[in-house]
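Notes follow once the structure below has been shown.
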Amino acid sequence: MRTTTPNSPHTHGRWRRIGSAAVATAALVFTGLGTAAQADAVQSATTSTTVTYAATPCATPKHTGDLTCKSYRVTGGLTAYQKMQAAKTGITPKAADATTPSGYSPTNLRSAYGLTSAAASNGSGETIAIVDAYNDPNAEADLATYRSYYGLSACTTANGCFKKVSQTGSTTSLPTSDAGWSEEISLDLDMASAICPLCNITLVEATSASYANLGTAENEAVALGAKFVSNSYGGSESSSQTTYDTSYYNHAGVAITVSSGDSAYGAEYPATSRYVTAVGGTKLSTSSTTRGWTETVWKTSSTEGTGSGCSSYDAKPTWQTDTGCTKRMESDVSAVADPATGVSVYDSYGVTAGWYTFGGTSVSAPIIAGVYALAGTPASGTYPAQYPYDYAGTSSLNDVTSGNNGTCTTSYFCTATTGYDGPTGWGTPEGISAFAN
């Protein structure tokens, strides 16, 4: 077992960790997110505050060469959200209780990233595509539960907001269902909804987690008209990736976001593709600052935390000007990923139907896709990964200046600093300006 500081405790499992527990609904009533009946059902409990977590099953490849998802699910302890609510209400919630949310809500995330106003008015007519492997048979129903609970408008097949297709565009011939990837799918759909509730969502399900199938799904998402595509998967770099760049990820005029990885320092693909926005991860906590929030690099051990690094294969894009890496540097921007400061997700396939807290850069990638969508359709012929660089060092981005995700010879590759660094890029959103044309 491993423990961390009181604000970010973890225990070590084979893959990953950090935790969540169910949010006391009394606390939700306090913030207007729950009902009185739910509050009556909440019981105070004596529980360890240490957050425990495990990698979702899709973090383990089914076949040699498969890509893996980038998410952790909290299994115990009290999350940052629960501690925040307990401080307000004086009621200690039960840990690992799936009956009520235990992670940050859409309201929390929009507050943290200056998106409250934009989320209320922007995004109508825009489509965010979520690319994942295998089928989640409960995707639409679970999304409906999440959106209803948090007061978001319905997003269904019937009203034209939601669409689920295979990598060939079929709505009826879908991949084999998979419980692990279903957790990932629920996470991605909920985060896109949290940030851009007025956006349409297209879920494109690849037949498997191979490069060829996920890449085919990527192309299908763009062919269906999505201008924003979120990818919460990745794997080791290889000499083949420049070919994959050309075949799957070179879509000018489309904002493609990719998780930077959850294995701490070290570059991953497709995050190192020069055509995508590589999204790192942070620990997000409340603070007494004007912003009301503070962030550091997410790291729980030498093998767990946000990814970053200098690509061994992909050429450096013209808009990236750091001098320590002659090729593509990962990451570009970042958002919350630490499971101990994780987000609420509703999921029902292969697990007890209920509320779970998730972390990993699978959280940050769809968040940033949602921010791009709030900022408007990218200009034709441009690569939106460049947009945040045009606002580097401005108040449009929250510069993350503390923490690291490992050890490295070139300090900024793995250590946060003022300005650009590998783990968090140019920082996290403060509004939408840095993500617009």
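When atom types are taken as modelled, the side chain of Ser238 and the backbone of Ser240 share a donor-acceptor pair closer than 3.5 angstrom. A donor-acceptor pair under 3.5 Å is absent between the side-chain atoms of Thr127 and the main chain of Ala226, judged by distance alone. Under the 3.5 Å distance criterion, the side-chain polar atoms of Asp332 are matched with a main-chain donor or acceptor of Ala278. No donor-acceptor distance shorter than 3.5 angstrom exists from the side chain of Thr357 to the backbone of Ser344, with no hydrogens or angles considered. Between the Glu237 side chain and the Ser312 main chain, a donor and an acceptor come within less than 3.5 Å of each other. Under the 3.5 Å distance criterion, the side-chain polar atoms of Thr382 are matched with a main-chain donor or acceptor of Ala379. Between the side chain of Glu205 and the main chain of Asp136, a donor-acceptor pair closer than 3.5 Å is present. Of the possible donor and acceptor atoms, one in the side chain of Glu330 sits under 3.5 Å from a partner among the backbone N and O of Glu268. In this structure, the side chain of Gln82 engages the main chain of Thr79 through a donor-acceptor pair within 3.5 Å. Under a 3.5 Å cut-off, the side chain of Asn135 and the backbone N or O of Thr176 do not form any donor-acceptor pair.
In this structure, Tyr265 has its ring center at least 6.0 angstrom away from the ring center of Trp298.
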Let me see the working for Val297 and Thr282 under side chain to side chain contact (heavy atoms under 4.5 Å, CB included), right down to the final yes or no. CA-CA 5 Å; Val297 174; Thr282 68; over 6 Å; no
Would you please test Ser232 and Cys69 for side chain to side chain contact (heavy atoms under 4.5 Å, CB included) and show each step? CA-CA 6 Å; Ser232 293; Cys69 66; 5.8 Å; no
Verify salt bridge (Lys or Arg N to Asp or Glu O under 4.0 Å) between Arg73 and Glu183, making sure each step is shown before the conclusion. CA-CA 9 Å; Arg73 179 163 61 86; Glu183 291 184 30; 3.1 Å; yes
Quick one, Thr207 with Asn213, criterion side-chain hydrogen bond (donor to acceptor under 3.5 Å, both in side chains). Give me CA distance, side-chain angles, the key distance, then yes/no. CA-CA 6 Å; Thr207 302; Asn213 286 324; 4.5 Å; no
Given side-chain hydrogen bond (donor to acceptor under 3.5 Å, both in side chains), test Tyr249 with Glu218 step by step and report yes or no. CA-CA 7 Å; Tyr249 300 103; Glu218 190 82 10; 5.1 Å; no
Using the rule given for side chain to side chain contact (heavy atoms under 4.5 Å, CB included), can you reason through Asp338 versus Leu284, listing the C-alpha separation, both sets of side-chain angles and the distance that settles it, and then say yes or no? CA-CA 7 Å; Asp338 186 337; Leu284 174 68; over 6 Å; no
Residues Thr92, Leu78; criterion side chain to side chain contact (heavy atoms under 4.5 Å, CB included); working and verdict: CA-CA 9 Å; Thr92 302; Leu78 298 183; 4.1 Å; yes
Could you walk me through whether Tyr211 and Tyr244 satisfy the ring-ring contact (aromatic ring centres under 6.0 Å, His included) test, starting with their C-alpha distance in whole Å, then the side-chain angles of each, then the deciding distance to 0.1 Å, before giving a yes or no? CA-CA 8 Å; Tyr211 272 117; Tyr244 299 148; 4.4 Å; yes
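The aromatic rings of Tyr372 and Phe435 stand perpendicular to each other, their planes meeting at an angle above 60°, with 30° marking the opposite boundary. Below 30°, between 30° and 60°, or above 60°: for Tyr104 and Tyr81 the angle between ring planes is above 60°, a perpendicular geometry. A tilted orientation is assigned to the rings of Trp181 and Tyr134, their planes being inclined by 30° to 60°. Between Tyr356 and Phe358, the ring planes lie perpendicular to each other; the angle is over 60°, past the 30° to 60° tilted range.
Between Glu126 and Asn200, the side chains place no donor N or O within less than 3.5 Å of an acceptor N or O (distance only, hydrogens not considered). Side-chain atoms of Asp262 and Thr361 include a donor-acceptor pair closer than 3.5 Å. Side chain to side chain, Thr306 and Ser260 meet the donor-acceptor criterion of an N or O pair below 3.5 Å. Judged purely by distance below 3.5 Å, without hydrogens or angles, the side chains of Asp245 and Tyr269 pair a donor atom with an acceptor atom. At a cut-off of 3.5 Å, with distance as the only test, a side-chain donor of Trp293 or Ser111 sits close to an acceptor on the other residue. Judged by distance alone, the side chains of Thr68 and Lys70 do bring a donor and an acceptor atom under 3.5 Å apart. For Tyr346 and Asp190, the side-chain atoms include no donor-acceptor pair closer than 3.5 Å. No side-chain N or O of Glu184 forms a donor-acceptor pair with one of Thr56 less than 3.5 Å apart. Between the side chains of Ser348 and Asn138, at least one donor-acceptor pair of N or O atoms lies under 3.5 Å. Using modelled atom types and a 3.5 Å distance limit, the side chains of Thr401 and Asp399 yield no donor-acceptor pair. Side-chain polar atoms of Ser105 and Asn108 form a donor-acceptor pair below 3.5 angstrom.
No side-chain heavy atom of Thr272 sits under 4.5 Å from any side-chain heavy atom of Tyr313. By the 4.5 Å heavy-atom criterion applied to side chains, Lys316 and Asp322 are counted as neighbours. Residues Val258 and Thr277 have side chains not in contact (no heavy-atom distance under 4.5 Å, counting atoms from C-beta outward). Contact of the Asn219 side chain with the Tyr248 side chain is registered, since non-hydrogen atoms from C-beta on lie closer than 4.5 Å. For the pair Tyr412/Cys325, a side-chain contact is recorded, criterion being any heavy-atom separation below 4.5 Å from C-beta on. Leu67 is listed as a side-chain neighbour of Leu214, based on a closest heavy-atom distance under 4.5 Å. Within the 4.5 Å cutoff, no side-chain heavy atoms of Leu203 are placed close to those of Val165. By the 4.5 Å heavy-atom criterion applied to side chains, Ser311 and Gln241 are counted as neighbours.
The shortest non-hydrogen separation linking Ser166 to Val204 is O-CG1, 3.7 Å. Residues Pro378 and Ala255 approach most closely at CG-N, 4.1 Å, considering heavy atoms. The two residues Leu143 and Cys155 make their nearest non-hydrogen contact at CD2-O, 4.1 Å. Nearest heavy atom pair, residue Ala95 against residue Gly76, reads CB-C, 4.4 Å. The minimum heavy-atom distance linking Leu187 with Ser71 is given by the pair CD2-CB, 3.7 Å. Between Lys327 and Asp314 the shortest heavy-atom distance is CB-O, 3.0 Å.
Listed by first then second residue, pairs satisfying side-chain hydrogen bond (donor to acceptor under 3.5 Å, both in side chains) with a partner in residues 419-437 read Glu295-Thr428, Tyr387-Asn437, Asn398-Thr428, Asn398-Glu430, Asp421-Thr424, not counting sequence neighbours.
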Show me the donor-acceptor pairs within less than 3.5 Å that the side chains of residues 192-199 make with the rest of the protein, sequence neighbours left out.
residue	atom	partner	partner atom	Å
Ser193	OG	Arg147	NH1	2.9
Ser193	OG	Leu189	O	2.9

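From Asp188, atom CG reaches atom CD1 of Ile130 across 5.0 Å, with rounding to the nearest 0.5 Å. For the atom pair CD of Gln320 and CZ of Arg274, the computed distance is 12.0 Å after rounding to the nearest 0.5 Å.
Here the rule is side-chain hydrogen bond (donor to acceptor under 3.5 Å, both in side chains) with Ser308, and of Thr415, Asn404, Asn405 only Asn405 fits it.
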